[in-house]
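First listed ligand is number 1; within each ligand, the first listed atom is number 1. Values reported hereafter were calculated over all heavy atoms of this structure, with side chains retained and with hydrogens, waters and symmetry mates removed.
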Amino acid sequence: MRNKILDILKNQQREEFVSGESISQALSITRAAVWKQIQGLKEAGYEIEGQTKKGYRLVKIPCAIDLWALQQELRTQALGRQLFLFEELPSTNDRIKDMARQGGEHGTVVIAKRQTIGHGRMQRVWESPDGGLWLSLLLKPRLSLGDAAKLTLSAGVALAQTLQDLYRLEVRIKWPNDIVIQGRKIAGILGEVAGEWNTVQTLILGIGVNANFSGQTLSPKIPAITLQDILGHEVNLNHLTAELLFNLEKEVQSLEQGDVQGLIQRWTSFAVGINRPVRIEKAGISYGGIFKGIRDNGELVLDQEGQEITFSSGEVSLRAEEQYSPE
Ligand code: ADP
(Lines give C-alpha, C1' and ligand atoms only; values in the text may rest on other atoms or scores of the structure.)
Protein backbone atom coordinates (compact mmCIF):
# COMPACT_ATOMS: atom_id res chain seq x y z
CA MET A 1 0.00 0.00 0.00
CA ARG A 2 2.79 2.34 1.01
CA ASN A 3 4.64 1.78 -2.28
CA LYS A 4 1.44 2.17 -4.30
CA ILE A 5 0.92 5.61 -2.78
CA LEU A 6 4.50 6.48 -3.64
CA ASP A 7 3.93 5.27 -7.21
CA ILE A 8 0.86 7.50 -7.51
CA LEU A 9 2.69 10.54 -6.11
CA LYS A 10 5.64 9.91 -8.38
CA ASN A 11 3.54 9.46 -11.50
CA GLN A 12 1.84 12.75 -10.93
CA GLN A 13 3.68 15.40 -12.90
CA ARG A 14 6.17 17.38 -10.85
CA GLU A 15 4.75 20.38 -9.05
CA GLU A 16 1.27 18.85 -9.09
CA PHE A 17 -0.73 17.74 -6.11
CA VAL A 18 -2.74 14.53 -5.86
CA SER A 19 -5.89 14.76 -3.81
CA GLY A 20 -6.38 12.46 -0.84
CA GLU A 21 -9.74 11.60 -2.40
CA SER A 22 -8.26 10.32 -5.65
CA ILE A 23 -5.64 8.24 -3.78
CA SER A 24 -8.34 6.75 -1.59
CA GLN A 25 -10.43 5.87 -4.66
CA ALA A 26 -7.52 4.46 -6.66
CA LEU A 27 -6.50 2.16 -3.81
CA SER A 28 -9.96 1.53 -2.30
CA ILE A 29 -8.92 2.74 1.14
CA THR A 30 -10.39 5.42 3.39
CA ARG A 31 -9.14 9.00 3.45
CA ALA A 32 -8.01 8.38 7.01
CA ALA A 33 -5.96 5.40 5.85
CA VAL A 34 -4.33 7.57 3.18
CA TRP A 35 -3.48 10.18 5.81
CA LYS A 36 -1.98 7.50 8.04
CA GLN A 37 0.18 6.15 5.24
CA ILE A 38 1.39 9.64 4.41
CA GLN A 39 2.36 10.18 8.06
CA GLY A 40 4.29 6.90 7.95
CA LEU A 41 6.13 8.01 4.83
CA LYS A 42 7.04 11.33 6.43
CA GLU A 43 8.41 9.48 9.43
CA ALA A 44 10.52 7.37 7.07
CA GLY A 45 12.08 10.57 5.74
CA TYR A 46 9.94 11.30 2.69
CA GLU A 47 9.22 14.99 2.30
CA ILE A 48 5.57 15.27 1.31
CA GLU A 49 3.81 18.60 1.05
CA GLY A 50 0.17 18.57 2.06
CA GLN A 51 -2.31 21.33 1.22
CA THR A 52 -5.86 21.23 2.48
CA LYS A 53 -7.58 21.83 -0.81
CA LYS A 54 -5.07 20.39 -3.24
CA GLY A 55 -3.81 17.21 -1.60
CA TYR A 56 -0.28 15.81 -1.49
CA ARG A 57 2.93 16.34 -3.41
CA LEU A 58 6.15 14.31 -3.16
CA VAL A 59 9.01 16.77 -2.67
CA LYS A 60 11.99 14.65 -1.68
CA ILE A 61 12.92 11.01 -1.13
CA PRO A 62 14.76 10.08 2.09
CA CYS A 63 18.53 9.95 2.56
CA ALA A 64 18.15 6.77 4.58
CA ILE A 65 18.00 3.47 2.75
CA ASP A 66 14.48 2.75 1.62
CA LEU A 67 13.46 -0.06 -0.75
CA TRP A 68 11.11 1.98 -2.91
CA ALA A 69 13.52 4.91 -3.19
CA LEU A 70 16.41 2.59 -4.04
CA GLN A 71 14.41 0.79 -6.70
CA GLN A 72 13.66 4.13 -8.39
CA GLU A 73 17.38 4.84 -8.63
CA LEU A 74 18.63 1.40 -9.73
CA ARG A 75 19.96 1.19 -13.26
CA THR A 76 21.60 -2.23 -13.22
CA GLN A 77 20.62 -5.40 -15.05
CA ALA A 78 21.27 -7.94 -12.30
CA LEU A 79 22.88 -6.37 -9.24
CA GLY A 80 20.27 -5.39 -6.68
CA ARG A 81 17.32 -6.73 -8.64
CA GLN A 82 16.78 -9.05 -5.68
CA LEU A 83 16.98 -6.76 -2.72
CA PHE A 84 16.51 -7.37 1.00
CA LEU A 85 16.59 -4.64 3.62
CA PHE A 86 16.82 -5.27 7.38
CA GLU A 87 16.71 -2.84 10.28
CA GLU A 88 19.46 -4.83 11.99
CA LEU A 89 21.50 -7.95 11.26
CA PRO A 90 24.45 -9.57 13.01
CA SER A 91 26.29 -9.46 9.66
CA THR A 92 25.06 -8.92 6.09
CA ASN A 93 27.79 -11.24 4.78
CA ASP A 94 26.59 -14.06 7.04
CA ARG A 95 22.98 -13.53 5.96
CA ILE A 96 23.81 -13.59 2.27
CA LYS A 97 25.94 -16.72 2.76
CA ASP A 98 22.78 -18.42 4.04
CA MET A 99 20.98 -17.21 0.94
CA ALA A 100 23.79 -18.55 -1.24
CA ARG A 101 23.37 -22.00 0.34
CA GLN A 102 19.68 -21.85 -0.49
CA GLY A 103 20.39 -21.10 -4.15
CA GLY A 104 20.18 -17.29 -4.09
CA GLU A 105 20.38 -15.57 -7.47
CA HIS A 106 23.35 -13.75 -8.96
CA GLY A 107 23.18 -10.10 -7.98
CA THR A 108 21.16 -10.55 -4.78
CA VAL A 109 21.80 -7.72 -2.32
CA VAL A 110 21.28 -7.64 1.43
CA ILE A 111 21.42 -4.32 3.27
CA ALA A 112 21.13 -3.75 7.01
CA LYS A 113 20.67 -0.35 8.64
CA ARG A 114 23.10 -1.52 11.32
CA GLN A 115 25.17 -4.63 12.01
CA THR A 116 25.85 -5.97 15.47
CA ILE A 117 28.83 -8.17 14.57
CA GLY A 118 30.03 -6.86 11.19
CA HIS A 119 33.27 -8.53 10.07
CA GLY A 120 36.55 -7.23 8.72
CA ARG A 121 39.31 -9.47 7.47
CA MET A 122 40.80 -12.09 9.79
CA GLN A 123 37.94 -12.02 12.32
CA ARG A 124 38.35 -8.30 12.94
CA VAL A 125 35.31 -6.29 13.86
CA TRP A 126 33.73 -3.82 11.45
CA GLU A 127 31.76 -1.28 13.47
CA SER A 128 28.47 -0.58 11.71
CA PRO A 129 26.24 2.01 13.37
CA ASP A 130 23.01 3.47 11.97
CA GLY A 131 23.54 5.80 9.04
CA GLY A 132 26.21 3.74 7.29
CA LEU A 133 25.80 1.72 4.15
CA TRP A 134 26.23 -1.94 5.13
CA LEU A 135 25.67 -4.08 2.09
CA SER A 136 26.47 -7.59 0.90
CA LEU A 137 26.21 -9.00 -2.58
CA LEU A 138 25.92 -12.51 -3.95
CA LEU A 139 27.76 -12.96 -7.23
CA LYS A 140 27.87 -15.95 -9.55
CA PRO A 141 30.04 -14.52 -12.29
CA ARG A 142 31.14 -16.35 -15.41
CA LEU A 143 34.69 -16.53 -14.14
CA SER A 144 37.21 -19.13 -13.00
CA LEU A 145 37.91 -19.22 -9.27
CA GLY A 146 41.19 -17.36 -9.81
CA ASP A 147 39.49 -14.57 -11.71
CA ALA A 148 36.50 -14.47 -9.39
CA ALA A 149 38.87 -13.66 -6.53
CA LYS A 150 39.77 -10.45 -8.41
CA LEU A 151 36.27 -9.18 -7.77
CA THR A 152 37.38 -7.70 -4.46
CA LEU A 153 39.69 -5.48 -6.53
CA SER A 154 36.76 -4.68 -8.84
CA ALA A 155 34.67 -3.71 -5.83
CA GLY A 156 37.44 -1.40 -4.60
CA VAL A 157 37.64 0.33 -7.97
CA ALA A 158 33.84 0.63 -8.29
CA LEU A 159 33.53 2.05 -4.78
CA ALA A 160 36.44 4.50 -5.12
CA GLN A 161 35.10 5.66 -8.50
CA THR A 162 31.58 6.11 -7.13
CA LEU A 163 32.70 8.18 -4.12
CA GLN A 164 34.93 10.27 -6.34
CA ASP A 165 32.24 10.92 -8.95
CA LEU A 166 29.34 11.59 -6.59
CA TYR A 167 31.09 13.76 -4.03
CA ARG A 168 34.17 15.05 -5.91
CA LEU A 169 36.50 13.60 -3.30
CA GLU A 170 40.08 12.47 -3.60
CA VAL A 171 39.75 8.76 -2.93
CA ARG A 172 42.51 6.18 -2.50
CA ILE A 173 42.63 2.41 -2.13
CA LYS A 174 44.94 0.95 0.49
CA TRP A 175 45.92 -2.56 -0.54
CA PRO A 176 44.15 -4.87 -0.58
CA ASN A 177 40.83 -3.09 -0.32
CA ASP A 178 40.41 -0.34 2.22
CA ILE A 179 39.01 2.85 0.80
CA VAL A 180 40.74 5.88 2.22
CA ILE A 181 40.04 9.62 2.15
CA GLN A 182 42.33 12.18 3.80
CA GLY A 183 44.42 9.30 5.10
CA ARG A 184 41.51 7.72 6.97
CA LYS A 185 39.36 4.70 6.26
CA ILE A 186 35.98 5.62 4.85
CA ALA A 187 34.98 2.19 3.59
CA GLY A 188 35.99 -1.43 3.59
CA ILE A 189 35.41 -4.46 1.41
CA LEU A 190 35.37 -8.08 2.45
CA GLY A 191 35.34 -10.73 -0.27
CA GLU A 192 34.59 -14.34 0.59
CA VAL A 193 34.29 -17.40 -1.61
CA ALA A 194 31.06 -19.08 -0.67
CA GLY A 195 31.54 -22.28 -2.63
CA GLU A 196 30.70 -23.83 -5.91
CA TRP A 197 27.36 -24.99 -7.21
CA ASN A 198 27.19 -26.69 -10.62
CA THR A 199 30.71 -25.41 -11.36
CA VAL A 200 29.55 -21.80 -10.93
CA GLN A 201 31.67 -19.93 -8.44
CA THR A 202 29.70 -18.14 -5.79
CA LEU A 203 31.21 -15.11 -4.22
CA ILE A 204 30.17 -12.88 -1.40
CA LEU A 205 31.21 -9.25 -1.37
CA GLY A 206 30.64 -7.21 1.75
CA ILE A 207 30.87 -3.45 1.36
CA GLY A 208 30.73 -1.01 4.27
CA VAL A 209 30.71 2.75 3.81
CA ASN A 210 30.93 5.22 6.69
CA ALA A 211 28.28 7.63 5.48
CA ASN A 212 25.65 9.44 7.56
CA PHE A 213 27.11 9.37 11.06
CA SER A 214 29.98 11.05 12.83
CA GLY A 215 33.31 9.23 12.92
CA GLN A 216 33.38 10.04 16.62
CA THR A 217 30.79 7.34 17.24
CA LEU A 218 33.41 4.72 16.33
CA SER A 219 36.07 3.43 18.72
CA PRO A 220 38.66 6.18 19.15
CA LYS A 221 41.62 4.06 18.06
CA ILE A 222 40.16 3.42 14.59
CA PRO A 223 41.58 5.75 11.93
CA ALA A 224 38.19 6.28 10.33
CA ILE A 225 36.33 9.12 8.66
CA THR A 226 32.76 9.41 7.37
CA LEU A 227 31.14 11.15 4.40
CA GLN A 228 29.21 13.29 6.86
CA ASP A 229 32.48 14.37 8.54
CA ILE A 230 33.91 15.43 5.20
CA LEU A 231 30.89 16.91 3.44
CA GLY A 232 29.16 18.39 6.48
CA HIS A 233 25.80 16.92 5.49
CA GLU A 234 24.04 13.60 4.96
CA VAL A 235 24.17 11.89 1.60
CA ASN A 236 21.37 10.05 -0.14
CA LEU A 237 22.19 6.40 0.54
CA ASN A 238 19.74 5.22 -2.12
CA HIS A 239 21.55 7.16 -4.80
CA LEU A 240 24.94 6.08 -3.47
CA THR A 241 23.89 2.42 -3.47
CA ALA A 242 22.43 2.58 -6.97
CA GLU A 243 25.54 4.22 -8.42
CA LEU A 244 27.83 1.80 -6.60
CA LEU A 245 25.92 -1.21 -7.96
CA PHE A 246 25.94 0.27 -11.45
CA ASN A 247 29.71 0.81 -11.41
CA LEU A 248 30.30 -2.60 -9.87
CA GLU A 249 28.19 -4.31 -12.53
CA LYS A 250 30.33 -2.64 -15.19
CA GLU A 251 33.48 -3.94 -13.46
CA VAL A 252 32.07 -7.48 -13.22
CA GLN A 253 31.16 -7.43 -16.91
CA SER A 254 34.58 -6.14 -17.93
CA LEU A 255 36.24 -8.94 -15.96
CA GLU A 256 33.90 -11.47 -17.57
CA GLN A 257 35.07 -10.14 -20.91
CA GLY A 258 38.65 -10.88 -19.83
CA ASP A 259 39.91 -7.32 -19.30
CA VAL A 260 42.18 -8.06 -16.33
CA GLN A 261 44.71 -5.46 -17.43
CA GLY A 262 42.08 -2.72 -17.41
CA LEU A 263 41.12 -3.65 -13.87
CA ILE A 264 44.73 -3.67 -12.65
CA GLN A 265 45.28 -0.27 -14.26
CA ARG A 266 42.20 1.28 -12.73
CA TRP A 267 43.05 -0.24 -9.34
CA THR A 268 46.64 1.04 -9.51
CA SER A 269 45.49 4.54 -10.38
CA PHE A 270 43.70 4.67 -7.02
CA ALA A 271 46.35 2.86 -4.95
CA VAL A 272 48.18 4.40 -2.01
CA GLY A 273 51.94 4.09 -1.89
CA ILE A 274 52.81 2.85 -5.40
CA ASN A 275 56.58 3.25 -5.90
CA ARG A 276 56.85 4.45 -2.32
CA PRO A 277 58.42 2.87 0.75
CA VAL A 278 55.90 0.77 2.68
CA ARG A 279 55.91 -1.82 5.43
CA ILE A 280 54.13 -5.14 5.20
CA GLU A 281 53.14 -6.86 8.43
CA LYS A 282 52.89 -10.61 8.13
CA ALA A 283 52.56 -12.95 11.10
CA GLY A 284 54.30 -10.50 13.43
CA ILE A 285 57.18 -9.82 11.03
CA SER A 286 57.55 -6.48 9.30
CA TYR A 287 58.96 -6.26 5.75
CA GLY A 288 60.11 -2.88 4.43
CA GLY A 289 60.49 -2.11 0.73
CA ILE A 290 59.16 -0.26 -2.27
CA PHE A 291 55.55 -1.06 -3.25
CA LYS A 292 55.87 -1.89 -6.94
CA GLY A 293 52.21 -2.65 -7.61
CA ILE A 294 50.05 -5.75 -7.85
CA ARG A 295 50.18 -8.82 -10.03
CA ASP A 296 47.21 -9.97 -12.12
CA ASN A 297 46.15 -12.21 -9.24
CA GLY A 298 46.04 -9.25 -6.83
CA GLU A 299 49.24 -10.14 -4.97
CA LEU A 300 51.29 -7.21 -3.75
CA VAL A 301 54.82 -6.90 -5.13
CA LEU A 302 57.46 -5.49 -2.77
CA ASP A 303 60.94 -4.57 -3.96
CA GLN A 304 63.53 -5.21 -1.25
CA GLU A 305 66.80 -3.85 -2.55
CA GLY A 306 66.30 -5.24 -6.02
CA GLN A 307 64.61 -8.46 -4.93
CA GLU A 308 60.90 -8.80 -5.55
CA ILE A 309 58.75 -10.59 -2.99
CA THR A 310 55.00 -11.03 -3.25
CA PHE A 311 52.29 -11.14 -0.60
CA SER A 312 48.76 -12.41 -0.90
CA SER A 313 46.06 -10.44 0.85
CA GLY A 314 44.91 -13.10 3.30
CA GLU A 315 47.42 -12.84 6.05
CA VAL A 316 49.10 -9.45 5.72
CA SER A 317 48.54 -5.73 6.23
CA LEU A 318 50.14 -2.81 4.48
CA ARG A 319 51.41 0.18 6.40
CA ALA A 320 52.25 3.11 4.21
CA GLU A 321 55.31 4.88 5.61
CA GLU A 322 53.58 8.17 4.85
CA GLN A 323 50.23 7.39 6.49
CA TYR A 324 48.17 6.63 3.36
CA SER A 325 48.60 10.18 2.14
CA PRO A 326 47.95 10.72 -1.56
CA GLU A 327 50.92 11.18 -3.84
P1 ADP B 1 42.61 -3.83 7.68
O2 ADP B 1 42.76 -4.49 6.37
O3 ADP B 1 42.97 -2.37 7.64
O4 ADP B 1 43.28 -4.53 8.81
P5 ADP B 1 39.89 -4.87 7.83
O6 ADP B 1 39.39 -4.82 6.44
O7 ADP B 1 40.30 -6.17 8.36
O8 ADP B 1 41.06 -3.78 8.02
O9 ADP B 1 38.80 -4.21 8.77
C10 ADP B 1 38.83 -4.34 10.17
C11 ADP B 1 39.47 -3.15 10.86
O12 ADP B 1 38.89 -1.93 10.43
C13 ADP B 1 39.23 -3.16 12.35
O14 ADP B 1 40.25 -3.85 13.00
C15 ADP B 1 39.18 -1.69 12.75
O16 ADP B 1 40.48 -1.20 13.03
C17 ADP B 1 38.72 -1.00 11.50
N18 ADP B 1 37.30 -0.61 11.53
C19 ADP B 1 36.26 -1.19 12.16
N20 ADP B 1 35.11 -0.56 11.88
C21 ADP B 1 35.42 0.46 11.04
C22 ADP B 1 34.67 1.46 10.39
N23 ADP B 1 33.34 1.57 10.50
N24 ADP B 1 35.35 2.34 9.61
C25 ADP B 1 36.68 2.27 9.46
N26 ADP B 1 37.45 1.34 10.04
C27 ADP B 1 36.83 0.43 10.83
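Contact check on Lys54 versus Glu16 returns no salt bridge, with no Lys/Arg side-chain nitrogen under 4.0 Å from an Asp/Glu carboxylate oxygen. Between Glu281 and Arg279, no side-chain nitrogen of the basic residue sits less than 4.0 Å from a carboxylate oxygen of the acidic one, so the salt-bridge criterion is not met.
Contacts between Arg124 and ligand 1, counted as non-hydrogen atom pairs separated by less than 4.0 Å, involve the side chain only. In Leu190, neither the side chain nor the backbone holds a heavy atom less than 4.0 Å from any atom of ligand 1. Residue contacts with ligand 1, taken as heavy atom pairs separated by less than 4.0 Å, do not involve Ile189 at all.
In terms of polar-atom proximity, defined here as any N/O pair under 3.5 Å, Trp134 makes no such contact with ligand 1.
Short contacts between ligand 1 and Asn210, defined as distances under 4.0 Å to a heavy atom of the residue, involve ligand atoms 22 (C), 23 (N), 24 (N), 25 (C). Within the listing of ligand 1, atoms 24 (N), 25 (C) sit less than 4.0 angstrom from a heavy atom of Ala224. Near Leu218, with a cut-off below 4.0 Å to any heavy atom, the atoms of ligand 1 are 22 (C), 23 (N), 24 (N).
Other cluster members for Ile96: Phe84, Phe86, Leu89, Met99, Val110, Leu138, Ile204, joined by side-chain heavy-atom distances under 4.5 Å among Ile, Leu, Val, Met, Phe, Trp and Tyr.
One option in Leu318, Val180, Ile222 has a heavy atom closer to atom 16 (O) of ligand 1 than any other, and that option is Ile222. Looking at Lys185, His119, Glu281, Arg121, it is Lys185 that brings a heavy atom closest to atom 8 (O) of ligand 1.
The side-chain contact (heavy atoms from CB on, under 4.5 Å) with Leu79 is formed by just one residue from the set Asn247, Leu245, Leu244; it is Leu245.
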In a table with atom names and distances, give each donor-acceptor pair under 3.5 Å that connects a side chain of residues 287-298 to protein atoms at least two apart or in another chain.
from: Lys292; atom 1: NZ; to: Asn275; atom 2: OD1; distance (Å): 3.4
from: Asp296; atom 1: OD1; to: Gln261; atom 2: NE2; distance (Å): 3.0
from: Asp296; atom 1: OD2; to: Gln261; atom 2: NE2; distance (Å): 3.2
from: Asn297; atom 1: OD1; to: Glu299; atom 2: N; distance (Å): 2.9

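Residues Asn93 and Gly206 approach most closely at OD1-CA, 3.0 Å, considering heavy atoms. The minimum heavy-atom distance linking Gly208 with Trp126 is given by the pair O-CZ2, 4.0 Å.
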